[in-house]
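Below is one structure; the comments refer to it alone.
Computed from a predicted structure; not experimentally measured. Computed from heavy atoms alone, side chains included, the values below leave out hydrogens, waters and symmetry copies.
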Amino acid sequence: MTSDTTTGPDLPTDDGARRSGDTAARLDEEILGGPRRYTLSDLVEGTGHSQEFIENYWRWLGLPVTHPAEVGFTDADMEALREIGELVDSERLDEQAQMTLIRSLGHTTDRLALWQVEAFVEHLSRRDGLDDVSARLAALDRVPEMADRLSRQLEHAWRRQLAALTGRLATEFGGARGTHAAHGDELPLPRAVGFADIVSFTKRTAGLGSQELSEFVQLFESRARDVITEAGGRVVKTIGDAVLFVADDVTTGAEVALGLAAPHATEKEIPVRVGFVWGRVLSRFGDVFGSDVNLASRITELAEPATVLVDPHTASLLASSSRYALTAQPAQEVQGIGEITPVRLQRAYTGA
């Protein structure tokens, strides 16, 4: 009787754990396209790579490195390692280049996978009126059968983005072989770089539930991306309540900035302030760096809601255009930069 009393209550828990483990294993095999059949040692033997190379590969992807005796790898893993090894050899990539390329894959796909699963969780929650836990469980049932289609969409989008990038670079630098546009310590890429920042983000989102906060952030980000893309600029990244953008010429930068600051009367209003400058940047890791990026950020902090500020140099480049009105603002001292005399950018009054 004592044995029955002590073990009986544990049965549902054990059974639940077993079912959970079975579900995880099934999802794992469906998404990975086959069972885990190889150990780390098997990968070393099957690819001809060193254990150090393979461990680096997984670490740079942001995935745990298993014990050499643990069966944790699939046929697809074996093939991926063979292919990356061939790329390393054919291009003679040093370790820095290897790390950058592989980390770019890991960083991007980690965020992408989370973003897409959360999108389905939110959809199922809205459509079926599910609580968060139930929506996540429902998403688990849906994701595996969509994995192949999503992976094809990923490759398609990546190829389109790669074609757009190479096209821009070919146009910009196609005639510059053997020459150097930047001199001395100048950063290599001339770009318009700017920020759009939600005004009073903390105050506006205080008290919002998870669903409302998600919708608020998504509305800002999707609207910003649409404006930036339609004006001819590119989103570098979103940073909480701000978006960082670049453009290849100063006029496009101005159109992006003014579009972002313009009110949207037909939608829920999210006032933003915008700052941008024309300068030079370094592009690395899918991001841009340099003192002009910092300057753009600081100028954005000085802007009033629904306004655009630029620095005097950028204002001088736009001054010859009849499309814009430029108004100097009072000089301000900015920590880390010194005195800034921002200039307000507006569309010129046409009388229409």
Side-chain angles (χ1 to χ4, degrees), residues 28 31-34 36-116 147 150-170 172-173 176-178 180 182 185 187-189 191 234-239 244 246 280-290 293:
D28 187 78
I31 291 173
L32 295 181
R36 298 176 185 247
R37 64 172 80 232
Y38 302 116
T39 65
L40 183 58
S41 301
D42 292 330
L43 292 183
V44 171
E45 181 178 354
T47 63
H49 301 322
S50 69
Q51 181 170 321
E52 179 184 13
F53 177 87
I54 295 173
E55 288 179 338
N56 283 340
Y57 176 85
W58 289 104
R59 185 170 66 253
W60 292 335
L61 276 182
L63 296 169
V65 179
T66 63
H67 186 277
E70 182 180 344
V71 176
F73 303 98
T74 68
D75 289 329
D77 296 329
M78 183 79 78
E79 182 60 26
L81 281 160
R82 288 172 180 156
E83 287 189 342
I84 195 65
E86 291 171 0
L87 179 63
V88 167
D89 291 341
S90 65
E91 299 299 323
R92 294 184 293 175
L93 300 179
D94 61 20
E95 186 170 302
Q96 180 67 35
Q98 296 172 39
M99 179 178 66
T100 300
L101 283 173
I102 296 167
R103 277 188 172 169
S104 72
L105 294 170
H107 176 77
T108 302
T109 52
D110 170 55
R111 186 182 183 202
L112 177 64
L114 176 62
W115 194 344
Q116 291 180 332
L150 290 174
S151 68
R152 290 192 294 271
Q153 289 296 311
L154 171 59
E155 180 177 357
H156 170 73
W158 176 80
R159 287 186 179 276
R160 293 297 302 189
Q161 294 287 0
L162 185 62
L165 172 61
T166 54
R168 290 195 303 268
L169 293 179
E172 184 173 5
F173 300 112
R177 295 185 186 277
H180 300 280
D185 293 330
L187 297 179
L189 300 177
R191 293 287 186 270
R234 298 183 298 282
V235 176
V236 177
K237 63 181 178 180
T238 54
I239 318 158
L244 169 60
V246 295
R280 305 191 76 92
V281 302
L282 175 69
S283 177
R284 291 291 186 274
F285 319 117
D287 205 343
V288 290
F289 303 89
V293 180

List the atom pairs, donor and acceptor, that lie under 3.5 Å between side-chain atoms in residues 83-93 and the rest of the protein, sequence neighbours left out.
unit_1	atom_1	unit_2	atom_2	d
S90	OG	E86	O	3.1
S90	OG	L87	O	3.2

Item to check | Intermediate values then yes/no, side chain to side chain contact (heavy atoms under 4.5 Å, CB included), V288 and R191 | outcome: CA-CA 10 Å; V288 290; R191 293 287 186 270; over 6 Å; no
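- With rounding to the nearest 0.5 angstrom, the CD1 atom of I54 is 7.5 Å from the CD atom of Q51.
- With values rounded to the nearest 0.5 angstrom, T109 atom OG1 is found 11.5 Å from L114 atom CG.
- Closest non-hydrogen pair, W60 versus E95, comes out as CH2-CG, 3.8 Å.
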Show me the side-chain donor-acceptor pairs of residues 153-160 shorter than 3.5 Å, one per line, residues at least two apart or across chains.
unit_1	atom_1	unit_2	atom_2	d
E155	OE2	R159	NE	3.1
E155	OE2	R159	NH2	3.3

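- Between atom CZ of residue R37 and atom OG1 of residue T39 there is a gap of 13.0 Å, rounded to the nearest 0.5 Å.
- Checked by atom type and distance alone, the side chain of R82 pairs as donor or acceptor with a backbone atom of G46 at under 3.5 Å.
- Using a 4.5 Å heavy-atom cutoff, the side chains of L150 and Q116 are in contact.
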Contacts table for residues 68-81: side-chain donor-acceptor under 3.5 angstrom, sequence neighbours left out:
unit_1	atom_1	unit_2	atom_2	d
T74	OG1	A76	N	3.3
T74	OG1	D77	N	3.2
T74	OG1	D77	OD2	3.3
D75	OD1	Y38	OH	2.6
D77	OD2	T74	N	2.8

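- In this structure, CG on D287 lies 6.5 Å from CG on L244, to the nearest 0.5 angstrom.
- A side-chain donor-acceptor contact under 3.5 Å links S104 to the backbone of L101.
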Checklist entry - After noting the C-alpha distance and the side-chain angles of R36 and D28, does the key distance pass the side chain to side chain contact (heavy atoms under 4.5 Å, CB included) rule? => result CA-CA 9 Å; R36 298 176 185 247; D28 187 78; 2.7 Å; yes
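- Judged by distance alone, the side chain of T108 and the main-chain N or O of L105 form no donor-acceptor pair under 3.5 Å.
- Here OG of S50 is found 8.5 Å from CD of E55. Values are rounded to the nearest 0.5 Å.
- Ring pair F53/H49 is tilted by interplanar angle, where 30° to 60° counts as tilted.
- R280 and L187 make their closest contact through NE-O, 2.6 Å (heavy atoms, listed as atom of the first residue, atom of the second, distance).
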